[in-house]
Amino acid sequence: MTESDREMLLRQYAAGEITWTSLRGRGIENYRDVLAGLGDLGLRPPTAPMDGPNVEARLRGRALIRQALQEAKPR
């Protein structure tokens with residue numbers, strides 16, 4: 001795989017156009033390499049859509065994290 005091909009795959013992954021399984025099937029075996037490659041390109045990993053049976057649990061978890069961060073802020 002060329003560097004250009006790898007970059008194209010990482011950009012597609014960041015945009016949510018392909019999955020981690022697709023990346024593995026195309027030769028990128030290690031998720032650390034994916035994260036490092038995204039960082040090199042200034043991209044972030046895709047986030048799961050807020051739908052399905054786990055939405056309420058995800059929202060509660062995010063609220064807990066926000067609260068903990070607020071409480072940890074120096075005054």
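The shown structure was predicted, so the numbers you read here are calculated from the model rather than taken from an experiment.
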Among V34, N30, D33, the one residue meeting side-chain contact (heavy atoms from CB on, under 4.5 Å) with L23: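 Of all the options given, the one that passes is V34.
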
Going by ring pair (Phe, Tyr, Trp, His ring centres under 6.0 Å), name the pairs with one or both residues in residues 50-72, residues two or more places apart or in two chains.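 Counting only pairs at least two positions apart or across chains, no ring pair (Phe, Tyr, Trp, His ring centres under 6.0 Å) contact touches residues 50-72.
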
Which residue pairs pass the ring pair (Phe, Tyr, Trp, His ring centres under 6.0 Å) test with at least one member in residues 29-70, sequence neighbours excluded?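 Those involving residues 29-70 are W20-Y31.
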
Go through it in stages, so that I can follow the logic: the residues are M1 and I28, the test is side-chain contact (heavy atoms from CB on, under 4.5 Å), and I'd like the CA-CA distance, side-chain angles, deciding distance and then a yes or no. CA-CA 9 Å; M1 171 184 321; I28 300 177; 4.1 Å; yes

So which atom in P46 and which in A14 form the shortest heavy-atom distance, rounded to 0.1 Å?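 Closest heavy-atom pair between P46 and A14: CB-O, 4.0 Å.
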
Quick one: closest heavy-atom pair of M50 and V55, and the distance?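 Heavy atoms only, the tightest pair is C-CG2, 3.5 Å.
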
Is any side-chain heavy atom of L38 less than 4.5 Å from a side-chain heavy atom of R44?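 Not in contact.
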
Would you compute the distance between atom [atom1] of [X] and atom [atom2] of [Y] and round it to the nearest 0.5 angstrom?
X: R26; Y: I18; atom1: CZ; atom2: CD1; answer: 5.0 Å
X: R11; Y: L41; atom1: CZ; atom2: CG; answer: 5.0 Å
X: L10; Y: L35; atom1: CG; atom2: CG; answer: 10.0 Å
X: S22; Y: Q12; atom1: OG; atom2: CD; answer: 9.0 Å

Of all pairs that satisfy side-chain hydrogen bond (donor to acceptor under 3.5 Å, both in side chains), the ones with a partner from residues 46-68, not counting sequence neighbours: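 Applying side-chain hydrogen bond (donor to acceptor under 3.5 Å, both in side chains) to every pair that reaches into residues 46-68, excluding sequence neighbours, yields Q67-E71.
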
